[in-house]
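Just the heavy atoms: all of them, side chains too, but no hydrogens, waters or symmetry mates, feed the values below.
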Amino acid sequence: MLPESVQAFIDAEIAASTTDFTDLRAVYVNGTLKRSPEVSHTDGLIAVGRHVFEGVGVHVDEIRTVDHDIPPGVYPDMREHGWATDDFPDLYRSLIEPADIVVLATPIWLGDQSSLTRKMVERLYGWSGEVNAKGQWAYYGKVGGVVVTGNEDGGKHCAAQLLYALSHIGFTIPPQADTYWNGEAGPGPSYLDDNRGAQNHWTTRNAVFAAWNMLHAARRIKDAGGIPAHGNIIANWDLGDQDHPNPEYR
């Protein structure tokens with residue numbers, strides 16, 4: 001649990017908010033290697049931002065990747081590529097597609113994101129070729145963020161990789177959209193052990209900043225009707241080689 005004074009300050013900021021966020025949806029994608037109901041340290045840090053989201057009325061879902069049958073691959077439905085089962089298409093349609101905010105959350109193993117988190121990046125990439133109602137890539141208009149936990153180095157490295165991946169496939173990344181917690185170098189306590197992470201003022205502050213920044217970005221994008229559809233319409237570039245506006249491609 002967060003220190004009482006910190007929790008009270010966060011709650012006061014929530015209560016003072018005058019912006020309506022109640023039509024927004026967010027989803028956390030937790031790449032922990034622990035199956036439910038085992039305690040996830042990553043989920044412990046997720047809870048800080050989730051508290052802000054839910055406090056202002058945002059509908060929040062969480063996908064714990066390890067609990068689902070999700071094969072690796074870079075296609076929307078891996079059942080069309082030899083796999084017997086694939087839960088990801090249903091998760092995408094029910095939780096990710098309707099979300100305004102998508103947050104990738106990962107533990108650190110050997111200085112890097114978990115294998116399950118990387119798999120989810122690849123699966124998200126598999127759907128990035130779809131287009132929205134404006135004819136833009138599917139993730140245009142969605143806001144992305146990152147949560148990282150571990151008891152070893154690698155927080156900024158993981159955040160950099162994940163934020164770039166989200167940006168590259170079309171997500172909008174607001175200012176300071178990540179938070180991480182690292183323990184001492186080498187084996188040692190993780191985020192929830194002895195309440196270590198909750199006592200770290202820097203991590204908590206960044207988690208709260210990230211949550212509000214994602215909310216503000218999502219609010220403004222939604223109010224504007226999404227990312228403007230000028231200069232980024234996919235169909236405008238579906239031209240034959242001889243007609244392509246760039247001579248390099250003729």
>> So, taking the atom named OG in S114 and the one named CE in M120, what distance separates them when rounded to the nearest 0.5 Å?
In response: 10.5 Å
> Rounded to the nearest 0.5 Å, how far apart are CH2 of W181 and CG of N206?
Replying inline: 14.5 Å
> Under 3.5 Å, is there a donor-acceptor pair linking the side chains of T32 and N30?
Replying inline: no
What I want to find out is whether [X] reaches [Y] closely enough, with some N-O distance under 4.0 Å, to be called a salt bridge.
| X | Y | value |
| --- | --- | --- |
| R219 | D23 | yes |
| R50 | D43 | no |
| E13 | R205 | no |

> Is the gap between the ring centers of F171 and W137 under 6.0 Å?
Replying inline: no
> Should the ring pair Y139 and Y92 be called parallel, tilted or perpendicular, given that the plane angle runs from 0 to 90° and is split at 30 and 60?
Replying inline: perpendicular
> Do I70 and T65 pass the side-chain contact (heavy atoms from CB on, under 4.5 Å) test, and can you show the C-alpha distance, the side-chain angles, and the key distance before you say yes or no?
Replying inline: CA-CA 8 Å; I70 302 174; T65 309; 3.9 Å; yes
I'd like to check [X] versus [Y] (side-chain heavy atoms, cut-off strictly below 4.5 Å). Are they in contact?
| X | Y | value |
| --- | --- | --- |
| P71 | K119 | no |
| V66 | L33 | no |
| V148 | D178 | no |

>> Atom CG of residue position D153 - does it have more than 12 heavy atoms of other residues, nucleotides or ligands inside 6.0 Å?
In response: no
> Should we count NE2 of H201 as having more than 12 external heavy atoms under 6.0 Å?
Replying inline: no
Please report the shortest heavy-atom distance between [X] and [Y], naming the atom on each side.
| X | Y | value |
| --- | --- | --- |
| R196 | S190 | CB-O, 4.1 Å |
| R123 | P72 | CD-C, 4.3 Å |
| C158 | G111 | SG-O, 4.2 Å |

> Quick one: ring-ring contact (aromatic ring centres under 6.0 Å, His included) pairs with a partner in residues 146-165, sequence neighbours left out?
Replying inline: Y164-H168
